[in-house]
Amino acid sequence: MTKRSLRDLPPQALDGKRALVRVDFNVPLKDGRVTDDTRLRASLPTITYLREKGARVVLLSHLGRPKGGPEPKYSLRQVVHDLERLLGAPLEFIADPESGVSTTRRLPRGGVALVENTRFWPGEEQNDAGLARTFAALGDLYVNDAFGSAHRAHASTEGVAHLVKPAVAGFLMERELQYLGELLDKPKRPFIAVLGGAKISGKIDVIRALLPKVDALLIGGAMACTFFGAMGLEVGNSLVEPDRFTLAQELLKTSGKKLILPRGAVIAPSLERAGEHRSVTADAIPKGWAVYDIDAATQHDFRARLLDAKTIFWNGPMGVFETPPFDAGTRAVAAALVEAGAKGAVTVVGGGDSVAAVAGMEDKLTHVSTGGGASLELLEGKTLPGVAALENA
Ligand code: ADP
Ligand code: MG
């Protein structure tokens, strides 16, 4: 279902109106400062467009996981400085949405206000109708640009969308729905998915949903070890989920040639003893050692396959990429995506750690999803409450 976009609203729906925008400012912080402003920058197209059209912009976001009350370390005051720098404009801070209505009315055309962390009010995560009404009073129209929070039915993502009309998708949300939706609806073929990361358990629904749609599914990361274990191979001290062996066996049986496992691995006795790393084939992992990355042969194999693809979706690193040299496999897959993209393939990256792994390469990829959990749930075929609540186009 296509959702109505901010782009579809006529100028008179914006000029002088208070646009209540749910953004995703859930940024990493250290000592009260933003350490990565990607999410702030990602919201700029929507905010800038609204300001140019003469709207008064009121921003809503959560930050971190406060326990149902105000906690200074989760205050959105910490993003004010960086947001003002990016906007080149001053920001009004609304510490309490209840008493903030007058502030929103005083905003000049093109003015911007930021409301304190939505999760400081206990009703947010319960999707409380009263809190949704409080938020709704802050705007004359509602724009949801927080794709990363759309899989949660919260007062600021779902409840409020039913109370303010029009309720439309912002540009970031629109982009996410377009690119992730196209993967499911009409991918150019061959369509290859690369899945990695720590655990098969967290990704099983994605594997199940993608298998019938893809031409090949390349598996890396610790997830591959669970498949090795299920095949009866020695996995040493690798991160495996033995309670998923049956499931992995089932997948191997039903998906036949589509599931591509690593040929070999880079192993070490432990992460602390990374210096002793060496490469082995998948059937030669010794007891007492653990798999930390895909090996060079697998990198070449995966690269060759990816260069034939017309659509690629990637989620989850190929190894413990935080600890070199076990970042090599993840880097190789990232490079292969860029290479395939240069040949015309659509390349989409989703997930938390995978997105970190392609930092700085965003402009060489078709789409890097800002929503980890939300992008996976969308690919699993689930309805995202924050999306469903928006008007249909
Ligand atoms: P994403 O956030 O992109 O969805 P995950 O959270 O599923 O990815 O997995 C990321 C984590 O998986 C990383 O912290 C990485 O160190 C870990 N990982 C990848 N391969 C292995 C491995 N072979 N052994 C242990 N951990 C691994
Ligand atoms: Mg993760």
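Order of appearance sets the numbers: ligands from 1, and atoms from 1 within every ligand.
- Ionic pairing of E391 and K3 is not present here: no N-O contact between side-chain nitrogen and carboxylate oxygen is shorter than 4.0 angstrom.
- At least one heavy atom of K203 sits closer than 4.0 Å to an atom of ligand 1.
- Here V320 sits in one hydrophobic cluster together with V266, L271, Y292, F326; the rule is ILVMFWY side chains under 4.5 Å apart, joined directly or through other members.
- In the displayed structure, R39 atom CZ is contacted under 6.0 Å by more than 12 heavy atoms of other residues, nucleotides or ligands.
- Of all protein heavy atoms, the one closest to atom 6 (O) of ligand 1 is D353 OD2, 3.0 Å.
- For N315, every heavy-atom contact with ligand 1 shorter than 4.0 Å involves the side chain, none the backbone.
- For atom 14 (O) of ligand 1, the candidate residues are M223, M318, K199, E322; the nearest heavy-atom contact is made by E322.
- Here E125 does not pair with R152 in a salt bridge; the nearest charged N to carboxylate O distance is not below 4.0 Å.
- Taking distance alone, with nitrogen or oxygen atoms compared against 3.5 Å, G221 stays at or beyond that limit from ligand 1.
- R4 and D8 are not joined by a salt bridge, as no carboxylate oxygen comes within less than 4.0 angstrom of a charged side-chain nitrogen.
- Paired with D15 under the rule salt bridge (charged side-chain N to carboxylate O under 4.0 Å, His left out), one option of R109, R51, R56 passes, and it is R109.
- At a 3.5 angstrom cut-off on N or O pairs, V291 counts as close to ligand 1.
- Heavy atoms of P317 come nearer than 4.0 angstrom to ligand 1 in at least one pair.
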